[in-house]
Amino acid sequence: MDAVTDLELVRRAKAGEQRAFEELVRRHQDRVFSVARGVVRSPEDAADVAQEAFIAVLRHLDTFQEGAAFTTWLHRITIRKAYDHLRRRVPEPVDPGSLAMEQLEARDTDPFDTGMTRTALLDVIAALDPAFRDAVLLVDVAGIGVEEAAAALGVAPGTIKSRVFRGRATLARELGTRGMGAASDKVHDG
Amino acid sequence: MDDVTRHPDDATLFDLVEGALDDARAETVQAHLSRCPACAAFVAAARAGAAVSSSAVEEMPAEAVARLDVTVAAAWRDRVAGIAAAEALEDATPVAVGATDVIATAPIDADPIGNDSRPASARRRGVRRLVPVLAFVVLGTLAGTSLYLGEQQPKDGATLGRGEQETATENTAPEPPSPSAVDGGAIEAGAPPVADTSVSAGEPAGGEEYKVQRDVAAATGGAMSEAADAASSPVDPSEPPADYDEFVEQQQLCLVTRDQSQLVLPEGRIPTQITQGPLGLYLVCG
């Protein structure tokens, strides 16, 4: 099943193959959850958003046009569902103090040597300027390309590049400011 | 050669970090960075951020995955049930023989039925829109209402002759008609041919070909019971109007046969009663 493209899975699902849709969900659920988490912050809310996004995809599966990329459509829906979720509630502000403590406690179990856990990293991303945050979430966390992210957010590709670039730089500076170790050391000459 | 003193824009620096610049352009940007500490620091920060952000994918918690699986399974069952119900409705309701021929030859603007490139679900929706209209007319026929599909001349003040009406009544058997068999006076019984109501409208030409079409799926389904309960008829069929379109508007008619091959529906109308008059079959709207 892993060798099958998203487009083929969509076709099969449209034709009535439940397993194909389940494979789509399995394949993308972590990134959808992470993108949602980057917007709504709470893991519980992110799980709700991810669920809403996949249900919306299923309900509108017949409208998906094969000329488009499935991931663009999926993450556009995810971002919108996440913002809908935000509008329904007031997000809790992130306490920098508690965040730093979580990172210190998690340092010993950091498999990626980033100086922090992935959970805390998403919290820092979530605290970015929304324009930068959404671009970073789509390009770096969801892993979709600049063109796809531009289509998903309804902006020009050059705008996405600028937002991702600045978002990444801001992220690194935030991590450095919080003393979060390895990220600020990963500097390569341009 | 590019000016190395100019600060590159963010998109260019992004492309540099991503390795997407051509060699000449990359060399120019690198030359600028070597003499501009601010841009160099900016690029260094962006590289560091890129190394971190790409690792920020978080696994969905197991309990959330379990909930998602259950919800998706339930939604899939709903999807399948919805599709099956729609297909069952299509199978259960009689469709006029020759209706497809009529649809195919009707002057529609959208893709002809034979070359429909819409998704299967959209095509099913198009057929489903036909079915309630056909069902409505079939029930009207079975209730004893005469269907009259002959050519009429309202300007001449012509009305249905008694012989034609009797002929019309005799032919109201619930058998689907062939549109080619309809003559000036006889009625083809059962569900008359209906144009695809999901396609765009043509322009009425002098009141003779009134081809405004609409989607009547939900409205007609609800109107079936309303038609049975309708207490009064606002239509006075005794005197044909001078202006056909004005007559339709005044009498709130929503379905009038002018042409033996088509039924037409003005926009936004819901049928509540079926009757006949000098212009043919009327479905009166509430």
Side-chain angles (χ1 to χ4, degrees), chain A residues 14 16 18 21-22 25 29-34 37-38 43-44 46-47 50-51 54-55 58-59 61-63 112 114 116 118-119 121-122 125 136-137 139-143 146 157-159 161-173 175-176 182-190, chain B residues 8-18 20 26 29-30 32-34 36 39-61 63-80 82-84 118-122 124-125:
Chain A
K14 281 184 176 182
Q18 181 174 355
F21 187 78
E22 290 172 350
V25 173
Q29 64 187 24
D30 288 344
R31 290 188 186 271
V32 167
F33 173 75
S34 298
R37 174 97 160 73
E44 291 76 22
Q51 182 172 288
F54 282 116
I55 297 304
L58 176 58
R59 285 179 178 160
L61 197 62
D62 289 335
T63 68
F112 290 87
T114 61
M116 61 194 307
R118 282 170 287 178
T119 299
L121 182 54
L122 274 175
I125 292 174
V136 169
L137 283 173
V139 174
D140 289 345
V141 178
V146 167
T159 302
K161 290 181 180 179
S162 173
R163 291 179 182 180
V164 172
F165 182 79
R166 289 185 175 268
R168 288 169 174 173
T170 304
L171 175 63
R173 287 170 179 163
L175 295 175
S184 59
D185 296 333
K186 284 184 170 60
V187 175
H188 304 280
D189 292 334
Chain B
D9 62 21
D10 293 343
T12 300
L13 294 176
F14 174 92
D15 285 337
L16 176 72
V17 171
E18 296 293 308
V29 174
Q30 294 285 10
H32 172 82
L33 296 181
S34 67
C36 178
C39 286
F42 206 5
V43 171
R47 287 187 189 278
V52 173
S53 61
S54 60
S55 65
V57 179
E58 187 175 316
E59 282 186 12
M60 198 170 186
E63 63 272 18
V65 172
R67 278 202 314 273
L68 177 62
D69 289 345
V70 170
T71 305
V72 166
W76 185 271
R77 285 193 296 272
D78 290 345
R79 171 185 166 86
V80 171
I83 293 172
R118 295 171 297 165
S121 59
R124 287 194 291 271
R125 285 195 294 275

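Here is how names work: the chains are called A, B, and so on, in the same order as the sequence lines, proteins then strands, and each is numbered from 1.
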Pairs of heavy atoms under 4.5 Å with chain B: top-ranked of [options]:
| options | value |
| --- | --- |
| Ser162(A), Gly167(A), Ala47(A) | Ser162(A) |
| Pro157(A), Ser34(A), Gly158(A) | Ser34(A) |
| Val141(A), Thr159(A), Ile125(A) | Val141(A) |

Spacing of [atom1] belonging to [X] relative to [atom2] belonging to [Y], to within rounding of 0.5 Å:
| X | Y | atom1 | atom2 | answer |
| --- | --- | --- | --- | --- |
| Lys14(A) | Arg79(B) | NZ | CZ | 9.0 Å |
| Lys161(A) | Thr12(B) | NZ | OG1 | 8.0 Å |
| Leu121(A) | Ser53(B) | CG | OG | 7.5 Å |
| Arg67(B) | Gln51(A) | CZ | CD | 6.5 Å |

Proximal component of [X], with respect to chain B [non-hydrogen, under 4.5 Å]:
| X | value |
| --- | --- |
| Ile55(A) | side chain |
| Val146(A) | side chain |
| Val136(A) | side chain |

Next item on the list: Not counting sequence neighbours, which residues clear salt bridge (charged side-chain N to carboxylate O under 4.0 Å, His left out) with Glu18(B)? List them please.
Entry: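 Testing Glu18(B) for salt bridge (charged side-chain N to carboxylate O under 4.0 Å, His left out), a comparison that skips the adjacent residues, returns Arg168(A).
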
Checklist line | Test salt bridge (charged side-chain N to carboxylate O under 4.0 Å, His left out) applied to Arg173(A) - qualifying residues, sequence neighbours left out | finding: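 Arg173(A) satisfies salt bridge (charged side-chain N to carboxylate O under 4.0 Å, His left out) with no other residue.
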
Next item on the list: Below 4.5 Å from any heavy atom of chain A, which atoms of Ala26(B) appear? Answer side chain, backbone, both or neither.
Entry: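 Neither part, no heavy atoms under 4.5 Å.
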
Notebook entry, point to check: At a heavy-atom separation under 4.5 Å, does Asp9(B) approach chain A through its side chain, its backbone, both, or neither?
Noted result: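 For Asp9(B), no heavy atom lies under 4.5 Å from chain A.
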
Name the option with the most non-hydrogen atom pairs under 4.5 Å to chain A; the candidates are [options].
| options | result |
| --- | --- |
| Val65(B), Asp69(B), Val80(B) | Val65(B) |
| Asp15(B), Asp78(B), Val17(B) | Asp15(B) |
| Ser54(B), Ala74(B), Ala64(B), Gly82(B) | Ser54(B) |

Check: Do Val57(B) and Phe33(A) come close enough that some side-chain heavy atom pair is under 4.5 Å?
Finding: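 No. Closest side-chain heavy atoms not under 4.5 Å.
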
